[in-house]
Number of protein chains: 2
Amino acid sequence: MCAAAIPDIIIGRLPLYLRALSKMATEDKEITSSQELGARLGISSAQIRKDLSQFGEFGKQGTGYNIVFLIDQLRRILHVNQIWDVALIGAGDLGKAIANYGGFLNRGFQIVAVYDNDPHKVGQPAGKYIVRATRNIVDEIITKKIRVAMLAVPASEAQGIADQLVKAGIRAILCYAPTSLKVPEDVRIQYIDPVLHLQRMTYYMP
Amino acid sequence: MCAAAIPDIIIGRLPLYLRALSKMATEDKEITSSQELGARLGISSAQIRKDLSQFGEFGKQGTGYNIVFLIDQLRRILHVNQIWDVALIGAGDLGKAIANYGGFLNRGFQIVAVYDNDPHKVGQPAGKYIVRATRNIVDEIITKKIRVAMLAVPASEAQGIADQLVKAGIRAILCYAPTSLKVPEDVRIQYIDPVLHLQRMTYYMP
DNA sequence: TAGATTGTTAATCGATTAACAATC
DNA sequence: TAGATTGTTAATCGATTAACAATC
């Protein structure tokens with residue numbers, strides 16, 4: 001006997017709630033309501049209450065939600081009440097920008113190694129990291145017990161690297177390459193392709 | 001009397017189809033089927049046929065879809081059978097990476113101006129562009145008739161810039177800042193926040 | 001108490017899938 | 001013709017919303 005799995009579409013909204021609540025916390029707000037949170041995000045208050053109620057009773061009738069408490073709960077639910085080590089593959093312009101980005105740590109992630117297969121880049125700095133040779137990536141990821149990876153390599157190389165990541169025990173891949181990858185179904189994958197978003201918007205523009 | 005609007009969730013898949021078909025074209029394939037396309041994307045063949053049938057009858061029974069023809073149709077539907085001028089705001093690491101990215105042009109977009117409000121950056125190169133002062137952005141976007149913008153500035157500045165973009169007649173904003181923005185409902189907005197994707201995956205990881 | 005907001009139920013709404021006639 | 005695949009219908013499935021009792 002096991003509880004029904006929570007729909008992934010709900011899971012997808014929780015990080016959004018967490019982000020908005022974290023911003024409220026920086027504004028020194030203590031309490032919020034499903035209505036206020038929904039207004040900020042463009043989501044109905046009913047949906048927010050329904051989503052949160054999947055995981056517990058976090059609010060108080062007549063009052064709303066304590067922001068710090070709800071942040072703690074969401075971080076726990078999303079498993080970002082810890083810092084995940086992340087491998088970054090690709091030290092081109094985008095890879096370097098990612099390596100330099102300061103917004104990962106306080107949201108649960110830290111890059112611990114940067115890889116590239118270009119001999120001109122290996123050994124050179126990328127942000128505060130020294131670029132390592134992709135050749136050794138499987139062994140190194142296994143040794144370091146890294147389970148999350150970001151892939152910022154050309155589309156033509158992405159599948160080959162992804163195969164190695166899977167072999168190395170990576171369980172979650174964030175792919176910046178504009179291509180669809182095949183990974184085992186027990187490995188999570190998410191994609192970022194800015195052009196998909198742009199094209200989705202130009203459809204509506206005459 | 002007007003035809004029912006096509007659901008946005010369908011519009012969101014069309015760029016994905018276009019991307020996969022374009023890849024097939026580079027592989028010198030001429031024909032594909034809803035089944036093959038679906039297998040590549042992890043989408044059911046029924047859904048692909050249903051989605052496409054919203055816009056016309058693009059396939060042949062017994063045969064499938066001509067790839068080049070279907071690419072043409074999708075480009076027409078998504079309005080990327082033209083090149084859209086894009087303004088990029090933010091010339092930090094990420095902005096520079098975006099400015100240098102070579103993958104926009106053959107998918108319907110070209111950056112025509114890069115802005116930053118840091119005096120140390122204004123006048124300096126970002127890729128093949130010279131960074132311009134954000135101070136003048138409204139007039140310049142109006143003059144250049146730009147209607148699409150990418151926003152790669154810190155979250156704290158994003159809303160202020162977005163307000164100016166709206167004033168300048170921008171109709172579509174791709175926001176890389178990790179924050180939710182308020183824009184009029186006739187302005188399209190899409191977000192890219194890598195941490196949202198990472199947190200969505202760690203939920204499933206013990 | 002009066003006012004406000006939650007958590008939850010039931011109803012509505014919309015999206016996906018299965019199946020198959022049409023037809024290449 | 002035989003085999004294959006589309007376009008479409010109807011059925012299923014799942015997500016969202018409206019509404020309200022509970023209660024702070």
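Chain identifiers are assigned alphabetically (A, B, ...) following the order of the sequence lines, protein sequences preceding nucleic acid strands; residue numbering begins at 1 within each chain.
Comparing D:dT8, D:dA15, C:dT8 by their nearest atom to the side chain of B:S53 picks out D:dT8. In the set C:dT17, D:dG7, D:dT16, the nucleotide with an atom closest to the side chain of B:Q47 is C:dT17. Here C:dG7 is the nucleotide among C:dG7, D:dT16, C:dC24 with the atom lying nearest to any side-chain atom of A:E57. Closest contact between the side chain of A:Y65 and the listed nucleotides C:dG7, D:dT6, C:dT5 involves C:dG7. Comparing atom distances between the A:P7 side chain and each of D:dA15, C:dG7, C:dT6 picks out D:dA15 as nearest. Nearest nucleotide to the side chain of B:K50, out of D:dG7, D:dA10, C:dA10: D:dA10.
Under the 3.5 Å distance criterion, the side-chain polar atoms of B:Y191 are matched with a main-chain donor or acceptor of B:L181. In this structure, B:Q199 contributes its side chain and A:R107 its backbone to a donor-acceptor pair below 3.5 Å. In this structure, B:S45 contributes its side chain and B:S34 its backbone to no donor-acceptor pair below 3.5 Å.
One can place CG of A:D51 at 17 Å from P of D:dG14, the figure rounded to the nearest angstrom. Taking atom CD of A:Q61 as the reference point, atom C1' of D:dT23 lies 5 Å away to the nearest angstrom. Note: CD1 (B:I43) to C1' (C:dT17) measures 14 Å, nearest angstrom. Atom-to-atom, CZ of B:F55 to P of D:dT8 comes out at 13 Å; the value is rounded to the nearest Å. The nearest whole Å value for the distance from the CD atom in A:Q35 to the C1' atom in D:dA19 is 14 Å. For the pair B:K60 NZ and D:dT6 P, the interatomic distance rounds to 12 Å; values are reported in whole Å. One interatomic measurement links the two molecules: CZ of A:F58 to C1' of C:dT5, which rounds to 17 Å at whole-angstrom precision. One atom, CD1 of A:I9, and another, C1' of C:dA15, lie 10 Å apart when rounded to the nearest Å.
At a cut-off of 3.5 Å, with distance as the only test, a side-chain donor of B:Q159 or B:D163 sits close to an acceptor on the other residue. Side-chain atoms of A:D8 and B:Y204 include a donor-acceptor pair closer than 3.5 Å.
Residue B:T63 has no polar side-chain atom (N or O) positioned under 4.0 Å from OP1 or OP2 of C:dC24. A:R49 has no side-chain polar atom (N or O) that falls below the 4.0 Å cut-off from OP1 or OP2 of C:dA4. Residue B:S44 has no polar side-chain atom (N or O) positioned under 4.0 Å from OP1 or OP2 of C:dT16.
Under the Watson-Crick or G-U wobble criterion, with both distances below 3.5 Å, D:dG7 is paired with C:dC20. Pair check for C:dG14 finds D:dC13; Watson-Crick or G-U wobble, both atom distances under 3.5 Å.
The aromatic rings of A:H79 and B:Y203 lie parallel to each other, their planes meeting at an angle below 30°, with 60° marking the opposite boundary.
Residues B:T32 and A:G62 both approach DNA chain D. Their nearest nucleotides, taken by heavy-atom distance, put B:T32 toward the 5′ side.
Looking at heavy-atom distances under 4.0 Å, B:S45 makes no contact with the nucleic acid at all.
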